[in-house]
Protein chains: 2
Amino acid sequence: MNRILFEPGEIEDGVATCCGERAAHILSVLHGEVGQTLKTGVVDGPIGTGEIVEIVQGGDSPLVRIKVNHCEAGLAPWCDLVLAPPRPRVMKRLLPQLASLGVGTIVLVGAKKVEKDFWGATLLKEENYRPLLVDGLMQAGTSALPRLETRRNFRAFVRDELDAMFPTRRRVVAHPYGCDGRGACAAEGRLLLAVGPEGGWTDEEVSLLESHGFVRYSLGQRILRTDTALVALLSRLGD
Amino acid sequence: MNRILFEPGEIEDGVATCCGERAAHILSVLHGEVGQTLKTGVVDGPIGTGEIVEIVQGGDSPLVRIKVNHCEAGLAPWCDLVLAPPRPRVMKRLLPQLASLGVGTIVLVGAKKVEKDFWGATLLKEENYRPLLVDGLMQAGTSALPRLETRRNFRAFVRDELDAMFPTRRRVVAHPYGCDGRGACAAEGRLLLAVGPEGGWTDEEVSLLESHGFVRYSLGQRILRTDTALVALLSRLGD
């Protein structure tokens with residue numbers, strides 16, 4: 001945790017209170033003491049610093065109170081993602097990394113080769129995925145919370161919604177074949193990256209994306225697992 | 001698994017035999033049948049294709065025999081790594097990804113902030129880490145097995161061994177501060193990347209690396225977890 005983030009409801013009269021994992025981290029990893037200054041912030045809000053004003057030991061879990069001063073804006077997201085989700089186990093590992101890397105909106109789409117039972121995954125409940133995203137933000141030291149959307153009908157989403165939701169011209173679809181990697185970098189602006197399922201996009205899906213301005217991009221001859229590929233793609237296509 | 005790899009001892013008279021995870025993958029994911037052709041190869045050896053000649057069901061685990069024809073060279077590694085290892089749990093997740101990404105030699109070094117008990121980890125036994133590396137190769141479709149070395153004395157390793165072991169001039173140390181990111185790309189040749197522990201390099205360690213020709217490189221303002229950062233660095237610094 002390179003920044004301790006609080007939910008707005010955890011801050012009262014300029015004093016934030018936390019227990020559980022964050023308190024344990026402050027005390028055991030950061031060796032927190034009263035008077036010590038930490039990097040802090042509000043989930044999806046401003047960031048700044050905080051001074052530890054009280055540590056309440058005892059009980060199951062210690063409790064830490066921090067006087068916070070949040071008046072800076074955190075780093076803004078720089079890209080969005082249309083993702084045909086991998087298995088929930090992989091997705092769970094991926095979400096904090098996407099938050100760390102600065103993704104704004106993640107639209108999970110029902111491409112043909114997405115496993116049907118993915119859509120019943122408990123991970124899709126906000127109370128389950130939100131903490132994973134917040135973990136990624138605390139790791140990166142940022143605060144802008146990615147939005148997670150689901151669109152099971154991939155065709156309808158691309159045809160009817162995508163252009164309005166993402167008005168950028170810099171659109172890239174990750175696809176190992178027939179690609180012109182360099183073309184992807186030509187357009188300016190915020191990146192919209194489309195990444196297929198573990199079995200790949202179908203030809204029809206790639207064509208549909210191309211007809212909406214997406215340019216093919218390949219990472220080369222080595223075939224990477226979805227989570228590795230996503231980190232690699234965002235790093236390659238980042239500033 | 002985008003290529004099924006066999007140990008040399010698993011191939012006899014041009015026929016490879018496998019059971020367990022690979023056999024299950026061939027049958028359930030690739031829907032393998034007698035006569036079907038697969039991408040195959042030898043761990044740390046040549047690659048090619050194989051034709052399924054026999055499937056023996058029954059017992060605990062099915063067994064698959066494949067007539068193989070391995071006469072191509074796999075992709076060669078393009079970089080090496082000096083890594084102050086993260087916790088074994090993170091390292092375990094990282095090893096297959098490093099194999100997938102084309103790392104040649106991985107030297108695990110005892111930088112100051114590496115946890116002392118790392119060196120007793122069972123993961124450091126070849127029988128434990130080798131399957132993780134092979135998994136990464138089968139994912140990527142390549143066969144060149146990374147070598148894993150350990151050097152607990154970081155100073156002695158850099159001073160006495162590094163130059164002979166890695167005669168490349170393209171040396172980059174990942175470090176968030178005071179860096180000139182562009183400088184890292186100036187030298188040509190095989191990449192040698194040094195990545196610090198979760199708590200970072202000490203100033204002395206960075207100075208020592210710099211005195212051996214390493215150039216600082218930063219991924220930017222977002223602080224990434226070691227495994228995310230490594231994938232990001234290799235993607236940025238790759239061809």
Side-chain angles (χ1 to χ4, degrees), chain A residues 1-3 29-31 39 47 72 74-79 89-90 92-103 113 115 135-144 174 176 181 198-200 217-239, chain B residues 1-3 29-31 39 47 72 74-79 89-90 92-103 113 115 135-144 174 176 181 198-200 217-239:
Chain A
M1 294 183 197
N2 290 295
R3 185 176 303 279
V29 179
L30 304 177
H31 309 292
K39 290 184 186 170
I47 60 171
E72 299 162 55
L75 289 175
W78 63 276
C79 63
R89 192 173 57 85
V90 179
K92 203 173 157 184
R93 199 163 52 207
L94 194 51
L95 285 175
Q97 300 186 80
L98 295 178
S100 285
L101 288 161
V103 176
K113 292 182 193 158
E115 289 181 19
D135 278 351
L137 297 175
M138 292 201 285
Q139 161 66 42
T142 56
S143 66
E198 284 169 332
Y217 187 85
S218 161
L219 283 165
Q221 294 184 70
R222 294 181 171 85
I223 307 166
L224 303 177
R225 220 173 50 192
T226 304
D227 53 337
T228 312
L230 252 165
V231 175
L233 284 161
L234 291 173
S235 306
R236 281 278 183 111
L237 298 169
D239 299 326
Chain B
M1 294 184 197
N2 290 295
R3 185 177 302 278
V29 180
L30 304 178
H31 308 293
K39 289 184 187 171
I47 61 170
E72 299 163 53
L75 289 175
W78 63 276
C79 63
R89 194 174 56 84
V90 179
K92 203 173 155 183
R93 201 162 52 205
L94 193 52
L95 285 175
Q97 299 187 81
L98 295 178
S100 285
L101 288 160
V103 176
K113 292 181 193 160
E115 290 180 19
D135 278 352
L137 296 176
M138 292 201 285
Q139 162 65 43
T142 56
S143 65
E198 283 168 336
Y217 187 86
S218 162
L219 282 166
Q221 294 183 70
R222 294 180 172 86
I223 307 166
L224 303 177
R225 219 174 50 192
T226 303
D227 52 337
T228 313
L230 251 165
V231 175
L233 285 161
L234 290 174
S235 306
R236 280 278 183 111
L237 298 169
D239 299 325

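Chain identifiers are assigned alphabetically (A, B, ...) following the order of the sequence lines, protein sequences preceding nucleic acid strands; residue numbering begins at 1 within each chain.
- Both the backbone and the side chain of Leu101(A) come within less than 4.5 Å of a heavy atom of chain B.
- Nearest heavy-atom pair, Thr228(A) versus Val231(B), reported as atom, atom and distance to 0.1 Å: O-CG1, 3.6 Å.
- Open room surrounds CD on Gln221(A); 12 or fewer heavy atoms of other groups in view lie less than 6.0 Å from it.
- Between atom CZ of residue Arg93(A) and atom CG of residue Asp227(B) there is a gap of 9.5 Å, rounded to the nearest 0.5 Å.
- Nearest heavy atom pair, residue Gln139(B) against residue Leu224(A), reads NE2-C, 3.1 Å.
- With rounding to the nearest 0.5 Å, the separation of CZ in Arg222(A) from CG in Leu137(B) is 9.5 Å.
- For chain B, the nearby part of Thr142(A) is the side chain; its heavy atoms alone come within less than 4.5 Å.
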Stepwise side-chain contact (heavy atoms from CB on, under 4.5 Å) check, Arg236(B) with Ser235(A):
CA-CA 6 Å; Arg236(B) 280 278 183 111; Ser235(A) 306; 4.1 Å; yes
